[in-house]
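Since the structure comes first, as structure tokens, the remarks are kept for the end.
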Amino acid sequence: MARRQSAPRLDFEAAAIYEYPEHLRPWLEALPKHPGVYFFHGESEAMPLYIGKSINIRSRVLSHLRTADEAAMLRQSRRITWVRTAGEIGALLLEAQLIKEQQPLFNKRLRRNRQLCSLLLAGEKPQVVYAREVDFSAQPGLYGLFANRRAALQTLQSIADEQKLCYGLLGLESLTRGRGCFRSALNRCAGACCGKESVEEHNQRLIDALERTRLVCWPWRGPVALKESSGEMTQYHIIHNWLWLGSVNSLDEAASLPRPQASFDQDGYKILCKPLITGQHDITELPWPAE
């Protein structure tokens, strides 16, 4: 009996069928070799397809045009625009804000998270608290930024496993008074639940394990201006409680920026914490304008 021949597979590597997006070439000449944010626009005048940032806009955009994995986005793109900034910090801040505001189709990161939470160590057991309910810029004892409650508890459980901490004392499971937890009998808990170690030692090991994720409270009384320069361009990034309020070309313009309305922003915190705390940039404290 003749064997049935299977149909030939038509598997093509994206790189094998990728074609350079010639229709975008007219937009390349004006691209600067400076920091900033760039936009790939489709048919819509209002909504970009993709927003990115770079310390060299021209180099980064050209790398997109040579990337086969981005062929779908490039085929839909009709023009490329850009906004220059004075450095990487300004580009990061502007990119994060615009992505959250405009939700471009091809951006997967930096979407707005309405369930942002953290672990609060301020009582007998860690608590999961939410940024919509607690001011993360001022509350001491916060550790980690998590997309949701489940992620926070999974991190807490992983630390407990690594450090032989007690699930019961951490609030991860119920604990019978006067009896050790099940994991202590398996030598997976060091025994703070049954007197083999003190609760103070147990809690200190938890704090030590979480220390690198501790949130820094806003260290100034009011807003500050972070100065950033690149070549002939200088910007002052105005920040309050880790929220970026905008960038201005001179400190005299800072008073015209609106007071913050949004809640704690995790992207702003991650972008700004190190530059503000390390002392590597010029920081100027600003008074709030009179009401």
Side-chain angles (χ1 to χ4, degrees), residues 92 96 99-100 103 107-219 241-244 260 262-278:
L92 285 165
I99 289 176
K100 285 194 284 286
Q103 301 282 295
N107 283 97
K108 305 302 181 185
R109 302 180 302 107
L110 300 175
R111 299 298 180 97
R112 190 177 298 279
N113 177 18
R114 303 187 186 279
Q115 299 185 57
L116 180 67
C117 58
S118 183
L119 290 169
L120 173 62
L121 304 186
E124 292 184 0
K125 298 178 181 179
Q127 301 176 54
V128 177
V129 294
Y130 294 86
R132 63 176 182 265
E133 300 168 350
V134 175
D135 184 357
F136 280 14
S137 68
Q139 173 65 55
L142 291 177
Y143 295 84
L145 291 171
F146 306 98
N148 49 56
R149 177 182 177 84
R150 180 181 178 183
L153 293 179
Q154 285 178 337
T155 296
L156 190 59
Q157 182 175 333
S158 296
I159 291 173
D161 292 340
E162 293 170 1
Q163 301 295 325
K164 289 189 174 183
L165 301 175
C166 179
Y167 281 10
L169 294 180
L170 296 178
L172 295 173
E173 63 181 34
S174 59
L175 192 63
T176 302
R177 183 181 295 274
R179 296 180 57 183
C181 69
F182 177 70
R183 291 174 66 252
S184 67
L186 301 177
N187 198 32
R188 295 177 182 174
C189 163
C193 51
C194 56
K196 293 181 181 178
E197 72 167 345
S198 70
V199 174
E200 291 73 21
E201 289 173 326
H202 171 278
N203 292 342
Q204 187 59 53
R205 287 192 291 116
L206 172 62
I207 292 173
D208 291 344
L210 284 169
E211 179 57 30
R212 63 184 178 83
T213 67
R214 180 174 58 87
L215 299 193
V216 179
C217 292
W218 182 247
N241 291 340
W242 304 117
L243 285 169
W244 176 55
S263 59
F264 181 88
D265 175 47
Q266 64 174 327
D267 299 312
Y269 177 83
K270 292 176 180 178
I271 293 167
L272 292 165
C273 189
K274 184 176 180 180
L276 285 172
I277 297 300
T278 57

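Only this structure's heavy atoms are used, side chains among them; waters, hydrogens and symmetry mates stay out. We're numbering straight along the sequence, starting at 1. Quick caveat, the model's predicted, so the values are computed rather than measured.
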Distance-only donor-acceptor pairs under 3.5 Å for side chains of residues 187-197, two or more places apart:
{"unit_1": "E197", "atom_1": "OE1", "unit_2": "R205", "atom_2": "NH2", "d": "3.1"}
{"unit_1": "E197", "atom_1": "OE2", "unit_2": "R205", "atom_2": "NH2", "d": "2.4"}

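The side chain to side chain donor-acceptor pair (under 3.5 Å) search around S137 returns D135, not counting sequence neighbours. Annotation: side-chain contact (heavy atoms from CB on, under 4.5 Å) contacts of A122 (sequence neighbours excluded): L120. Under the side-chain contact (heavy atoms from CB on, under 4.5 Å) criterion, T213 pairs with Y143, L210, sequence neighbours left out. In this structure Y167 satisfies the ring-ring contact (aromatic ring centres under 6.0 Å, His included) test with no other residue, sequence neighbours excluded. Shown here are the salt bridge (charged side-chain N to carboxylate O under 4.0 Å, His left out) partners of R214, two or more places apart in sequence or in another chain: E211. Residues that satisfy the side-chain contact (heavy atoms from CB on, under 4.5 Å) test with K270, not counting sequence neighbours, are L145, Q266. Under the rule for a ring-ring contact (aromatic ring centres under 6.0 Å, His included), the partners of F136 that lie at least two apart in sequence or sit in another chain are F264. Judged as a side chain to side chain donor-acceptor pair (under 3.5 Å), and not counting sequence neighbours, W242 has no contacts. Applying the side chain to side chain donor-acceptor pair (under 3.5 Å) criterion to E201, with sequence neighbours excluded, gives S198.
Contact record, L175 with G180: CD1-C, 4.4 Å, taken as the closest heavy-atom pair. Of all the heavy atoms in N148 and A151, the pair that sits closest is OD1-N, 2.8 Å.
Residues V128 and L119 meet the side-chain proximity criterion, which asks for heavy atoms closer than 4.5 Å. Side-chain contact between P219 and I277: present, with at least one pair of heavy atoms (C-beta onward) separated by less than 4.5 Å. Q139 is not listed as a side-chain neighbour of V129, based on a closest heavy-atom distance of 4.5 Å or more. Put simply, the side chain of F146 does not reach to within 4.5 Å of the side chain of L153, judged on heavy atoms. L92 has its side chain out of reach of L272: every pair of non-hydrogen atoms, C-beta onward, lies at least 4.5 Å apart.
Checking L165, L172, L170 one by one against Q157, the side-chain contact (heavy atoms from CB on, under 4.5 Å) holds for a single residue, L172.
Contacts classified as salt bridge (Lys or Arg N to Asp or Glu O under 4.0 Å) and involving residues 151-166 (residues at least two apart or in different chains) are given here: D161-R183. The side-chain hydrogen bond (donor to acceptor under 3.5 Å, both in side chains) analysis of residues 117-134, with sequence neighbours excluded, yields no pairs.
Interatomic distance, CG of N203 versus CG of L121, reported as 8.0 Å (0.5 Å rounding). Atom CG of D265 sits about 4.0 Å away from atom NZ of K100, to the nearest 0.5 Å. Note that SG of C273 and CG of L215 are 8.5 Å apart. Values are rounded to the nearest 0.5 Å.
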